[in-house]
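Just so it is clear, the model here is predicted, and its values are computed rather than measured. Residues: numbered from 1 along the sequence shown.
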Amino acid sequence: TYEKLFSVEISNVYILEYLNDNIFAAGMEDDDNSIMIFNVFDTKMTHKKLLKGNEDIVSCIKKIDQKYIISGDYEGNLMVWDLIKMELFFKIEKAHLYKITSIIQLNSGLFVTCSNDKNIKIWDLHKRLNISAFPNSHEKAIRGVIQLNNGMLVSAGNDSIIKVWN
């Protein structure tokens, strides 16, 4: 059974992502659309670091390769943050046409994004390139994508369809 250890009021948290041990990231829906990094053992929950640079509301966050956080926003931009230096590593403007709804890691250096623009894209983190795309993967916005143990991708969209990709 769980009990509340402590709480703190933080306005406009849109998304949470586990980073490591007792550290997590919170994507904010505020004036600067920042990402706050917290340590759960700091009972005052003062943020460890503030990452600023997203152009719009942070819609998703994913930790990749133990060293990076990738965030997507409502404008379709991807921001890659260096977790060690706690700073922006690089940005891909208009990675998608609309809100990025999900980011997953495939393997070392590769990740997948999906969006309200109905597309799924595979990216190479180290080359900073889109290496594959599944255009118009769904008839409506894509809500999420996962990878199964066998390597297949599964996507779900607002078209009420789940698709399996090999």
Side-chain angles (χ1 to χ4, degrees), residues 13-29 33-38 40 49 51 53-166:
V13 173
Y14 189 82
I15 188 84
L16 295 171
E17 173 70 7
Y18 167 80
L19 299 180
N20 57 42
D21 299 323
N22 304 303
I23 310 293
F24 67 94
M28 310 304 288
E29 178 184 1
N33 301 308
S34 58
I35 298 172
M36 292 181 163
I37 309 296
F38 293 94
V40 296
K49 184 68 179 174
L51 304 174
N54 284 86
E55 304 218 358
D56 205 337
I57 297 167
V58 177
S59 56
C60 52
I61 303 170
K62 186 65 181 175
K63 183 175 112 180
I64 305 285
D65 289 350
Q66 302 299 317
K67 186 179 177 189
Y68 302 101
I69 298 174
I70 300 176
S71 62
D73 69 23
Y74 269 56
E75 293 295 318
N77 301 307
L78 281 173
M79 309 289 280
V80 180
W81 306 91
D82 185 315
L83 262 177
I84 308 301
K85 296 179 182 175
M86 296 302 256
E87 64 186 23
L88 182 64
F89 183 52
F90 68 89
K91 176 180 180 178
I92 302 172
E93 290 193 42
K94 289 297 181 185
H96 283 274
L97 296 176
Y98 305 114
K99 174 185 170 185
I100 297 173
T101 54
S102 183
I103 302 169
I104 64 167
Q105 181 171 3
L106 288 182
N107 56 40
S108 183
L110 297 180
F111 65 97
V112 177
T113 58
C114 64
S115 166
N116 282 355
D117 66 7
K118 306 184 266 185
N119 297 315
I120 297 171
K121 294 184 177 182
I122 300 175
W123 302 86
D124 186 315
L125 175 68
H126 305 294
K127 293 180 182 174
R128 304 179 188 192
L129 292 174
N130 171 234
I131 59 169
S132 185
F134 305 41
N136 296 308
S137 304
H138 284 263
E139 305 247 339
K140 295 184 179 178
I142 301 171
R143 305 312 303 155
V145 63
I146 60 170
Q147 183 182 34
L148 302 177
N149 286 341
N150 62 10
M152 290 188 222
L153 297 178
V154 179
S155 62
N158 283 353
D159 54 5
S160 302
I161 296 174
I162 293 175
K163 294 186 177 184
V164 179
W165 307 87
N166 193 3

Could you state the interatomic distance from [atom1] ([X]) to [atom2] ([Y]), rounded to the nearest 0.5 Å?
X	Y	atom1	atom2	result
I69	I37	CD1	CD1	4.0 Å
W81	K91	CH2	NZ	9.0 Å
Q66	N20	CD	CG	7.0 Å

Using side-chain heavy atoms (C-beta onward) and a distance below 4.5 Å, is I84 in contact with K67?
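The answer is yes; the side chains approach within 4.5 Å.
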Would a 4.5 Å heavy-atom cut-off, applied to side chains only, mark F134 and I122 as touching?
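F134 reaches I122 side chain to side chain.
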Relative to each other, are the rings of W123 and F111 parallel, tilted or perpendicular (30° and 60° limits)?
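Because their plane-to-plane angle is under 30°, the rings of W123 and F111 count as parallel.
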Parallel, tilted or perpendicular: which one describes the rings of F38 and F24, with boundaries at 30° and 60°?
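Rings of F38 and F24: parallel, under 30°.
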Check for a donor-acceptor pair, side chain of [X] on one end and backbone N or O of [Y] on the other, with a separation under 3.5 Å.
X	Y	result
N130	S132	yes
S59	I100	yes
D21	I23	no

side-chain hydrogen bond (donor to acceptor under 3.5 Å, both in side chains) partner of T113, the single match among K121, H96, K62
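That would be H96; it is the only one of K121, H96, K62 passing the side-chain hydrogen bond (donor to acceptor under 3.5 Å, both in side chains) with T113.
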Looking only at side chains, do D65 and Q105 share a donor and an acceptor under 3.5 Å apart?
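Yes - a donor-acceptor pair under 3.5 Å links their side chains.
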Donor-acceptor pairs under 3.5 Å, side chain of residues 143-151 to any protein atom, not counting sequence neighbours: which ones?
| from | atom 1 | to | atom 2 | distance (Å) |
| --- | --- | --- | --- | --- |
| R143 | NH1 | N116 | OD1 | 2.9 |
| N150 | OD1 | M152 | N | 3.0 |

